[in-house]
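Working notes, beginning with the structure itself.
In what follows, chains carry the letters A, B, and so on, assigned in the order in which the sequence lines appear, proteins first and then strands, with residues in each chain numbered from 1.
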Amino acid sequence: GLILLFYLVFYGFLAALFTFTMWVMLQTLSSDIPKYRDRISSPGLMISPKPDNALEFYFNKSDAQSYAEYVSTLRKFLESYDDLKQSQNINCTPGRIFDQNDVAVKKACRFNLSDLGQCSGKEDKTFGYSKGTPCVLVKVNRIIGLKPEGEPRIHCMSKEEGMVEINYFPPEGLIDLMYFPYYGKSLHAHYLQPLVAVQLAINSNSTKEEIAIECKILGSPNLKNEDDRDKFLGRIAFKVQMTE
Amino acid sequence: IQDDHKLSASELEEKYGTSIDKGLSSARAAEILARDGPNSLTPPKATPEIVKLLKQMVGGFSILLWIGAVFSWISFGIQLAQGAESPFDNLYLGVVLALVVILTGIFAYYQEAKSTNIMASFSKMIPQHALVIRDAEKKELPADQLVVGDIVEIKGGDRIPADIRLIFTQGCKVDNSSLTGESEPQSRSCDFTHENPLETRNIAFYSTTCVEGTATGIVINTGDRTVIGRIASLASGVGNEKTPIAIEIEHFVYLVAGVAISIGVLFFIISVSMRYKILDSLIFLIGIIVANVPEGLLATVTVSLSLTAKRMAKKNCLVKNLEAVETLGSTSIICSDKTGTLTQNRMTVAHLWFDNQIYSADTSEDQTTQPFDQSSPSWTALSKIVTLCNRAEFRPGQENLPIMKRVVVGDASETALLKFAEVILGDVMSIRARNKKVAEIPFNSTNKFQLSIHETDDPNDKRFLLVMKGAPERILERCSTIMINGKEEPLDSEKAEAFQTAYMELGGMGERVLGFCHLYLPENEFPDTYPFDTDSMNFPTSNLCFVGLLSMIDPPRSTVPDAVSKCRSAGIKVIMVTGDHPITAKAIAKSVGIISATSETVEDIAKRLNVPVEQVNRREATAAVVNGMELKDMSLQQLDEILCNHSEIVFARTSPQQKLIIVEGCQRQGAVVAVTGDGVNDSPALKKADIGIAMGIAGSDAAKNAADMVLLDDNFASIVTGVEEGRLIFDNLKKTIAYTLTKNIAELCPFLIYIIASIPMPIGTITILFIDLGTDIIPSVALAYEKAESDIMNRRPRNKRKDRLVNEQLAVYSYLQIGIMQSVGAFVTYFTVYAEQGFLPSTLLGVRVNWENNAINDFEDSYGQEWTKYQRTYLQWTGYTAFFVSITIQQVADLIIRKTRRNSIFQQGLFRNKVIWVGIFSQIGIALILTYGLGHVTALNFTPLRFQYWFVAVPFAILIWVYDEVRKLFIRRYPGSWWDKNMYY
């Protein structure tokens with residue numbers, strides 16, 4: 001009996017101590033930006049839609065069911081980029097870092113969905129999947145305070161020549177500097193990260209074949225894309241296989 | 001059974017194809033040697049080295065680690081088949097685990113082998129030689145080259161090199177004590193005196209010693225076929241029991257393995273029922289096993305034991321079997337030999353009686369003067385007799401040695417008298433030269449005296465001096481006067497009475513008493529040229545003048561009484577087992593304190609109360625002197641009763657065989673028994689005892705082989721220092737284990753919380769191995785250097801059934817209190833690292849599946865930033881490092897609190913044990929190297945860590961210290977309280 005009471009008190013005390021130290025520790029943190037950002041100095045790349053397990057797209061262009069999930073994912077992903085949702089966002093000066101350090105309320109820059117052209121989902125509700133020109137959106141991971149240098153752009157290539165023709169929206173896969181830097185979830189609630197749509201016009205004689213595609217971020221000296229260990233740092237590789 | 005003792009010399013020559021004058025030919029000897037093998041005892045069959053090595057690799061925790069390794073390889077196989085991304089992690093983990101087992105196994109084997117080697121080299125230290133006649137030439141040969149039929153010559157001081165049928169003897173006496181336990185030398189002759197070859201006088205046995213005289217004989221048995229060889233091989237039949245520490249460690253291994261397996265299985269079931277994949281659950285199981293098993297501990301225990309063994313070797317206790325180190329500490333009964341162990345193994349003059357008064361002489365080992373009153377002229381007369389009536393001589397060339405250490409040619413009592421005289425008078429040999437001996441009758445057993453006649457060194461005194469010594473009653477018979485204060489007075493009945501009283505008193509002290517008398521022969525009757533003839537005895541041998549008595553004893557070693565009283569306060573019963581006469585045994589027992597001054601035997605009580613022995617209540621007597629004859633007729637129950645009811649016991653006139661019975665009796669009482677022995681016949685008892693202690697100087701090889709420990713100086717006091725070391729190491733092993741077990745919880749909790757709360761893995765399996773086999777090793781060995789907390793020789797020996805090495809309190813306190821505190825401290829660091837990098841604790845809960853998904857490379861943290869898989873993994877490694885560092889920091893506190901179990905650290909002194917500080921610095925040093933030096937080696941999963949994270953756990957480390965101080969304070973304040981019972985380990 002006594003022993004149970006002892007451990008109740010003992011563990012109660014330890015739990016209280018744990019809670020207290022954690023509380024003290026959390027008090028030292030800012031709710032806006034993390035204390036250290038050295039573990040993510042350079043952003044990773046990611047695509048949407050993202051197939052379930054590995055980054056491999058399999059679909060039949062004549063079977064709507066086979067790509068329905070990709071389409072709905074894209075639709076959902078682009079919901080926040082809808083013009084109506086961006087009413088609070090402002091039009092920023094293209095090509096320049098949008099520094100708001102001195103401003104208490106950070107504004108988000110408008111990202112026009114129409115910039116994504118055929119991949120915006122406005123004209124083609126299937127994002128090209130039904131036509132054999134599937135769209136994949138490439139996004140740059142959000143990192144607080146990151147200011148890319150130079151003219152960053154997304155460039156993709158297929159390992160095998162001639163299987164696929166790649167189109168970029170915005171043209172040349174440019175990422176506008178005005179979307180940087182990011183100020184964090186709490187300060188920059190309406191922030192939209194810039195997107196680059198990659199449209200893959202798959203050659204008609206290359207159907208049924210697996211096409212490996214690698215996209216990299218280029219044109220910016222401070223964004224890494226060649227890390228040995230991190231295969232997603234500034235680059236992303238995925239595969240597409242389309243049947244008819 | 002051979003009948004060589006019945007054969008005549010010529011029959012023997014024929015039987016063995018040899019010649020007494022010429023011996024064997026070398027060629028023939030070589031043939032026989034090839035047939036019979038060398039003349040040496042086959043050492044007991046040793047376990048093959050490879051078996052020893054393999055045993056080390058499957059014993060203890062190794063099985064658990066092998067299971068872990070096999071599981072790792074299984075999951076590697078499965079993952080490889082499934083084509084997962086990094087299946088090699090598990091392959092490596094399995095290899096590392098296997099390596100850990102193999103390396104610790106090799107290490108433990110090496111430690112064992114090292115201590116065995118000390119022994120091996122030891123037994124080879126004294127090569128034996130024998131003087132053999134071969135090819136009609138005398139040759140000195142190594143004793144193991146002897147063959148049956150060889151003619152060997154032996155002389156006083158030699159060890160008999162084989163079983164020998166004597167064909168020529170001259171005053172030959174052998175000491176058969178190693179064979180039969182009889183301590184009196186036995187004379188040998190060429191005559192067939194007894195049917196039984198063991199009793200007949202014309203056979204000398206292998207490994208006994210020739211005390212005096214010379215002899216020649218034919219070798220009739222060699223090696224294992226000798227009588228001793230047959231006994232020695234019997235001894236190996238007595239089973240070797242597990243040592244107490246081995247039982248304790250086994251118990252501890254079962255305990256930890258039980259915890260590991262039950263937690264492992266429990267969480268395997270939990271994780272399967274939480275819908276984890278079987279493969280993942282299997283990997284968790286490996287982690288739990290690795291976290292639970294203190295991989296480095298058994299190696300640490302071995303090192304601690306061998307450190308103690310080394311320390312003991314310095315104090316003259318050579319330990320053959322490492323585990324015996326602790327056995328000695330738990331000893332509750334020591335059965336000790338008398339001669340040589342308790343005593344100095346040499347006769348020494350202890351008392352003198354002259355002028356109607358008893359004087360005590362100094363019997364210590366390094367006497368240089370004698371303090372008793374030497375002014376009386378009677379002493380001058382007595383000293384003259386002692387000097388002159390003595391045939392013993394110093395071997396030449398020892399002038400620089402202390403007198404007591406010089407080698408003497410002569411029997412034990414004459415040696416004692418010679419040294420006694422040399423100490424007091426100086427240069428005995430020149431005194432003898434000045435008093436030229438003109439006639440002499442040596443001692444023989446019929447007349448029981450020794451006589452010599454000398455010229456005197458006084459040039460004015462032309463008389464001859466006749467001096468005589470011998471059995472006191474025989475000497476007194478021949479005297480008509482007695483010297484009192486230098487004057488000859490008539491020996492009346494009153495004076496005879498005084499003599500009788502003194503004689504009885506000295507004899508009652510167990511001493512051998514000699515009487516001395518002299519006579520100045522009248523010059524007119526015995527002129528210068530008088531032809532003394534010892535055969536016709538043409539000189540007076542009666543009406544002499546009695547001068548005094550000298551009594552001798554083999555005195556106790558001066559360190560023994562202290563050692564015995566130490567044993568007594570340490571709750572160890574010392575039982576004397578000797579072949580000597582009960583009176584001598586009792587006297588020595590009293591003088592060393594085995595029988596204390598106030599206690600009485602049944603016989604003493606009977607004498608005091610003046611009633612027959614049968615009427616005495618046996619329970620009133622605390623002491624008992626048991627004669628070997630009585631022991632022979634006793635039932636086991638009666639023996640048990642004696643061992644139980646008397647606290648002070650002496651067994652006298654016992655044979656080595658009876659020693660075994662006594663040891664078994666003690667073990668029936670549940671005691672841990674240490675036995676000393678030197679003879680071959682002692683080897684069964686040495687084997688049977690929990691710890692057999694052989695004598696390094698007097699001990700036979702067979703005894704040394706059977707023993708667990710060898711006393712290099714044959715001194716009982718060395719056993720006591722051994723007991724002290726043994727007890728200390730038991731305490732310190734407790735501390736080491738408590739220290740090591742604690743962090744296992746801090747290693748285990750991460751896995752459990754990882755499974756239940758699905759947070760990112762807080763610590764890796766490899767990292768755990770780095771704690772167990774890296775940072776923690778030196779500190780846990782350092783605890784072996786800790787000094788005792790209180791006088792460990794003031795408490796009772798541990799009860800092997802109750803006082804466990806790892807008891808419930810130790811496990812509970814380490815696991816459920818300090819271990820949990822450490823875990824809390826480490827988790828605070830872990831959460832701090834994640835929170836400061838952007839993952840607040842609330843975000844971490846339940847993220848495991850996505851966190852570990854290789855396809856998710858935009859994992860969002862609490863601030864909206866997105867992380868790739870590798871960035872997360874790297875952060876996870878930072879978490880491992882932080883967790884590792886926190887455990888290390890808190891282990892420093894753990895190390896400090898484990899220095900004591902009851903006393904405050906400040907009572908013990910923080911700096912007395914310097915090795916602890918070596919441990920602390922090594923611990924932190926290794927952690928620094930791993931973190932900053934090897935932080936870039938991916939496979940090790942360490943990353944350089946921000947410096948402030950080293951200090952997050954410091955408050956918890958301080959808390960651990962303070963908490964433990966409070967625990968100890970309450971234990972000291974409230975002994976016997978609830979707190980004491982539950983918190984003292």
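Between A/E209 and A/Q241 the shortest side-chain heavy-atom distance does not fall below 4.5 Å. For the pair B/N941/B/T881, no side-chain contact is recorded, criterion being any heavy-atom separation below 4.5 Å from C-beta on. Taking 4.5 Å as the limit, every side-chain heavy atom of B/Q837 sits out of range of all side-chain heavy atoms of B/Y863. Put simply, the side chain of B/V847 reaches to within 4.5 Å of the side chain of B/P760, judged on heavy atoms. Put simply, the side chain of A/P49 does not reach to within 4.5 Å of the side chain of A/F77, judged on heavy atoms. In this structure, A/F59 and A/P134 have side chains that are in contact, with non-hydrogen atoms separated by less than 4.5 Å.
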Practice task
Test ring-ring contact (aromatic ring centres under 6.0 Å, His included) on A/F18 and B/F956 and set out the steps.
Solution key: CA-CA 10 Å; A/F18 177 74; B/F956 290 89; 8.2 Å; no

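Geometric assessment of A/R142 against the ring of A/Y182 yields a positive cation-pi assignment under the 6.0 Å and 45° thresholds.
Within the 4.5 angstrom heavy-atom criterion, atoms from both the backbone and the side chain of B/V812 approach chain A. In this structure, no portion of A/Y183 lies under 4.5 Å from any heavy atom of chain B. Only the side chain of A/T21 comes within contact range of chain B, judged by heavy atoms closer than 4.5 Å. Neither the backbone nor the side chain of B/R872 comes within less than 4.5 Å of any heavy atom of chain A. In this structure, the portions of B/D858 lying under 4.5 Å from any heavy atom of chain A include both its backbone and its side chain. Neither the backbone nor the side chain of A/S48 comes within less than 4.5 Å of any heavy atom in chain B. When heavy atoms are compared at a cutoff of 4.5 Å, A/F232 approaches chain B by way of both its backbone and its side chain. Heavy atoms closer than 4.5 Å to chain A are found in the side chain of B/T943, but not in its backbone. Residue contact with chain A, scored on non-hydrogen atoms closer than 4.5 Å, is absent for B/P955. Contacts between A/D32 and chain B at a heavy-atom distance below 4.5 Å involve the backbone alone (N, CA, C, O). Of the two parts of A/Y191, neither the backbone nor the side chain holds a non-hydrogen atom closer than 4.5 Å to a non-hydrogen atom of chain B.
Contact count against chain B (heavy-atom pairs under 4.5 Å) is highest for A/I33 among A/I33, A/L17, A/I143. For the set B/Q871, B/K869, B/Q865, the entry with the most heavy-atom pairs within less than 4.5 Å of chain A is B/Q865. Of all the listed residues (A/K231, A/K185, A/H188), the one sharing the greatest number of non-hydrogen pairs under 4.5 Å with chain B is A/K185. Per-residue heavy-atom pair counts under 4.5 Å with chain B were compared for A/R39, A/M25, A/K35, A/M46, and the maximum is reached by A/R39. Contact count against chain B (heavy-atom pairs under 4.5 Å) is highest for A/I3 among A/L26, A/I3, A/L233.
Within residues 813-820 of chain B, the residues having any heavy atom less than 4.5 Å from a heavy atom of chain A are, in residue-number order, B/L816, B/Q817, B/I820.
Looking at A/D230, A/D227, A/N141 one by one, the single match for side-chain hydrogen bond (donor to acceptor under 3.5 Å, both in side chains) with B/T868 turns out to be A/D230.
Between B/Y830 and B/F827, the distance separating the two ring centers is shorter than 6.0 angstrom.
By the 30° and 60° cut-offs, the orientation of the rings of B/F839 relative to B/W867 is tilted. By the 30° and 60° cut-offs, the orientation of the rings of A/Y67 relative to A/Y129 is parallel.
Within 6.0 Å of OH on B/Y974 lie no more than 12 heavy atoms contributed by other residues, nucleotides or ligands.
Note that CZ of A/F57 is 6.0 Å distant from CZ of A/F238, once rounded to the nearest 0.5 Å.
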